[in-house]
Amino acid sequence: MIPIRIFISSVQGEFAREREQLRDYLRGDPLMRRFFDVFLFEDVPASDRRPDRVYLDEVGRCDIYVGLFGRDYGSEDAEGVSPTEREFNRATELEKHRLIFVKGAEEGDRHPRMRALIARAQAGLVRRRFATTAELIAGLYASLVQYLEARELLRFGPFDATPCSGATLDDLDTEDMYRFIRIARRARQFPLPAETPPPDLLRHLNLLNRGRLTNAAMLLFGQAPQRFLISSEIKCAHFHGTEVAKPIPSYQVYKGTVFALVDQAVDFVMSKVALSVGTRAESVQAPVKYEIPKEVVTEAIVNAVAHRDYTDNSSVQVMLFADRLEVLNSGRLPPPLTVDKLRMPHQSLPGNPLLAESMYLLQYIERMGTGTVDMIRRCAEAGLPEPEFEVGAGFLIRIWRSGDHETTQAYRDTTQEATGSDEGQPERRQKTARKPPEKEGASQKLGDGILAFLRKNPSASRRDIVETIHGATEGSVRYQLDKLKKLGNLRRIGPARGGRWLVVDDLDARAGEETGASAGDRRHAGGAQSVISQETTRKPPENHQKEPSVAGTAGPLGPHPGPSQPEPVRQPSRARRHAAHHQIHRPIPAGQVARVREDRAGRSRQGWLLEGVGRFA
């Protein structure tokens with residue numbers, strides 16, 4: 001804020017010590033120096049200006065005139081007027097706020113013209129007497145505090161109960177107020193009827209101070225709260241690394257009421273963290289699980305909005321890193337709370353009680369001192385480290401993300417490259433740096449472990465993999481499964497529920513297994529999946545006698561038609577023929593299962609087997 005200027009006027013020779021001590025005190029006191037700036041003529045550098053013009057110009061620029069009147073009148077100009085009286089006259093003419101302090105009670109020792117000046121000052125305003133410098137300082141301090149309080153620059157109650165300067169009912173959103181009543185009635189049995197007029201709601205919630213809107217009313221229901229309370233916004237940033245670095249991949253500044261701020265900030269974070277979707281084994285609706293529980297994120301942001309110091313010029317900051325989430329606000333822990341007490345049930349001591357009351361009515365908070373305890377419990381249930389709380393330049397909550405951050409980030413990058421999106425955010429996605437060798441080794445080890453597990457447990461679910469393999473997470477398992485399928489090492493046979501996994505990295509073993517299976521088994525195992533084969537030969541058993549193909553004899557894929565029988569011809573549909581043609585002319589990927597059939601001459605041939613359509617390559 002712009003400092004309030006104080007001009008100290010007196011006869012310099014008589015009050016030299018008092019003037020110097022007043023200046024030093026006002027510049028050294030934490031409260032006074034926050035609001036006031038003191039001018040003394042002794043501090044003016046040399047210049048080519050008349051001293052009387054300097055005095056009067058400074059009086060015109062000041063906000064408060066402080067006059068120290070004693071015995072001496074001071075030097076007189078050509079008109080017989082001293083600088084002290086001219087300064088007083090100038091302050092009176094400009095209607096400055098004037099504070100007069102008179103030294104001593106004896107009037108006989110004073111200069112006649114000083115007695116006349118004191119009489120003039122006494123007729124128009126209240127003056128105070130002092131005998132010592134300590135009394136002068138105490139009297140000036142009390143007068144300046146009264147000045148700040150009268151102008152509502154100094155408050156003794158909560159910030160949210162202070163009147164919001166310049167705000168009127170027209171600055172509030174009446175629809176938001178009616179919506180607040182409806183929700184509060186359902187959530188907390190709020191007693192007011194749904195059609196309650198806005199002024200009655202404000203009075204019920206104690207959001208009026210002597211008929212004027214409070215800061216809480218503006219933060220809760222304002223159409224544009226940041227027009228009156230500029231720093232009441234939330235800044236959200238997402239960093240791909242573990243430190244603050246530019247350029248910031250995703251950065252948003254949210255404005256609005258405290259409810260809108262919380263909702264927008266929570267949505268920002270949840271759109272960036274990993275998300276896993278389960279199966280419908282127990283319900284028609286697939287369960288959804290976030291990397292960080294949404295309740296934990298919400299509690300951290302609500303805490304910052306509800307308990308921050310709104311007199312501070314800084315905003316709430318929500319910063320999501322690759323390994324953690326940090327929420328910083330300018331608030332302080334009120335006594336007797338400490339960081340250690342936040343880890344156990346404690347008394348609720350809201351910094352902004354009017355805000356807390358309304359947020360309680362809409363179920364954003366509980367006002368029971370259990371918010372931080374719930375965060376710790378939910379993080380433990382999700383397998384996350386305990387949140388950290390720090391008090392420094394402000395109050396910081398740090399929430400750690402799941403362990404395999406590199407794998408989770410790699411999966412999200414892969415998803416974004418495939419979809420060409422950045423999870424609904426318009427900002428351009430920044431590619432992450434390549435993982436170091438030790439991280440790549442850990443990723444490869446996890447992939448090998450998944451393949452080994454699925455060889456023995458082909459019907460296992462993703463949840464089974466996470467619970468069985470040490471160090472595996474939902475995000476890392478999902479990424480590895482997607483990667484293995486793209487590499488051709490793994491295939492999903494059948495539907496999501498009831499199907500099985502097929503490890504196809506061992507081509508020779510799988511080819512032999514598939515060769516011994518019947519055509520019906522292959523169709524049952526693969527469903528409508530098309531299988532591309534590589535040329536493979538079958539070695540017949542030693543005691544096998546090869547017989548010529550005659551009518552009624554059976555080959556590996558069924559009976560061969562005899563010379564006297566025409567070969568049955570199946571007429572596939574156009575769509576099936578097109579699919580077969582596409583499959584035949586597609587390059588054969590490495591690492592897939594070979595299917596073998598014999599032609600009519602008994603020779604092994606590479607073949608395509610599509611559902612309902614038989615074709616040779």
Side-chain angles (χ1 to χ4, degrees), residues 158-162 164 167 169 171-209 213-226 228-229 232-234 236 254-270 290 293-310 315-316 318 327 329 331 347-375 378 397:
F159 168 85
D160 56 352
T162 304
C164 185
L169 284 174
D171 296 310
L172 301 184
D173 192 324
T174 56
E175 288 300 322
D176 281 353
M177 300 173 76
Y178 286 123
R179 188 180 304 110
F180 175 90
I181 297 176
R182 292 194 299 270
I183 298 175
R185 283 172 58 85
R186 294 194 303 267
R188 304 288 190 186
Q189 288 76 51
F190 190 57
L192 295 186
E195 63 276 5
T196 300
D200 293 346
L201 173 64
L202 296 174
R203 280 189 287 269
H204 183 86
L205 296 175
N206 298 316
L207 299 179
L208 295 177
N209 187 329
L213 292 179
T214 61
N215 290 323
M218 182 55 59
L219 290 170
L220 291 165
F221 305 117
Q223 296 183 27
Q226 285 69 36
F228 299 91
L229 305 166
S232 61
E233 60 189 13
I234 291 186
C236 298
Y254 295 113
K255 302 179 184 292
T257 65
V258 291
F259 306 116
L261 292 176
V262 171
D263 294 342
Q264 292 175 104
V266 171
D267 289 345
F268 178 90
V269 175
M270 304 317 294
Y290 287 99
K294 186 176 182 180
E295 296 82 0
V296 175
V297 176
T298 302
E299 178 61 36
I301 295 175
V302 168
N303 182 288
V305 171
H307 302 305
R308 63 157 293 182
D309 180 6
Y310 281 92
S315 304
V316 173
V318 178
V327 181
N329 74 86
Q347 185 180 4
S348 177
L349 299 170
N352 300 288
L354 295 181
L355 281 182
E357 169 68 17
S358 295
M359 298 185 81
Y360 161 79
L361 291 174
L362 263 57
Q363 294 185 321
Y364 279 78
I365 61 176
E366 293 299 332
R367 297 190 309 172
M368 290 295 293
T370 58
T372 53
V373 179
D374 286 342
M375 292 175 61
R378 292 183 183 276
I397 297 178

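As a basis for the values below, the full set of heavy atoms in this structure was taken, side chains included, without hydrogen atoms, waters or symmetry mates. What you see is a predicted model; the values in this text were computed from it and never measured. Here, residue 1 is the first one in the sequence, and each next residue gets the next number.
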Counting distance only, does the side-chain N/O of N209 pair as donor-acceptor with the main-chain N or O of A161 below 3.5 Å?
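Looks like yes, one N/O pair under 3.5 Å.
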
Side chain to side chain, [X] and [Y], heavy atoms closer than 4.5 Å:
X    : Y    : result
V316 : L261 : no
D374 : E299 : no
V258 : L220 : yes
Y290 : V297 : no
M375 : I397 : yes
P158 : N352 : no
I301 : Y364 : no

Supply the atom-to-atom distance [X] [atom1] to [Y] [atom2], rounded to the nearest 0.5 angstrom.
X    : Y    : atom1 : atom2 : value
I234 : D263 : CD1   : CG    : 9.5 Å
S232 : L219 : OG    : CG    : 5.5 Å
M270 : T298 : CE    : OG1   : 7.5 Å
F259 : F221 : CZ    : CZ    : 6.0 Å
D267 : Q264 : CG    : CD    : 8.0 Å

What closest approach, in Å, do [X] and [Y] show between heavy atoms, and which atom pair accounts for it?
X    : Y    : value
R308 : S315 : NH1-CA, 4.0 Å
M359 : V302 : CE-CG1, 4.1 Å
D160 : T214 : O-CB, 3.3 Å
L172 : A217 : CD2-O, 3.8 Å
E233 : K255 : OE1-NZ, 2.5 Å
V327 : A304 : CG1-CB, 3.7 Å

Where do L169 and L202 land on the side-chain contact (heavy atoms from CB on, under 4.5 Å) test, with the steps shown first?
CA-CA 10 Å; L169 284 174; L202 296 174; 3.4 Å; yes

For a side-chain contact (heavy atoms from CB on, under 4.5 Å) check, start with the C-alpha distance between D171 and Q223, then their side-chain angles and the critical distance, and finish with the verdict.
CA-CA 6 Å; D171 296 310; Q223 296 183 27; 5.9 Å; no

According to side-chain hydrogen bond (donor to acceptor under 3.5 Å, both in side chains), who are the partners of Y310, at least two apart in sequence or on a separate chain?
none

side-chain contact (heavy atoms from CB on, under 4.5 Å), that's the test. Do L208 and L213 meet it? Break it down for me.
CA-CA 5 Å; L208 295 177; L213 292 179; 3.7 Å; yes

Show me the side-chain donor-acceptor pairs of residues 179-193 shorter than 3.5 Å, one per line, residues at least two apart or across chains.
residue	atom	partner	partner atom	Å
R179	NH1	D176	OD1	2.5
R185	NH1	L192	O	2.9
R188	NE	Y360	O	2.7
R188	NH2	Y360	O	3.3
R188	NH2	I365	O	3.3
R188	NH2	E366	OE1	3.3
R188	NH2	E366	OE2	3.2

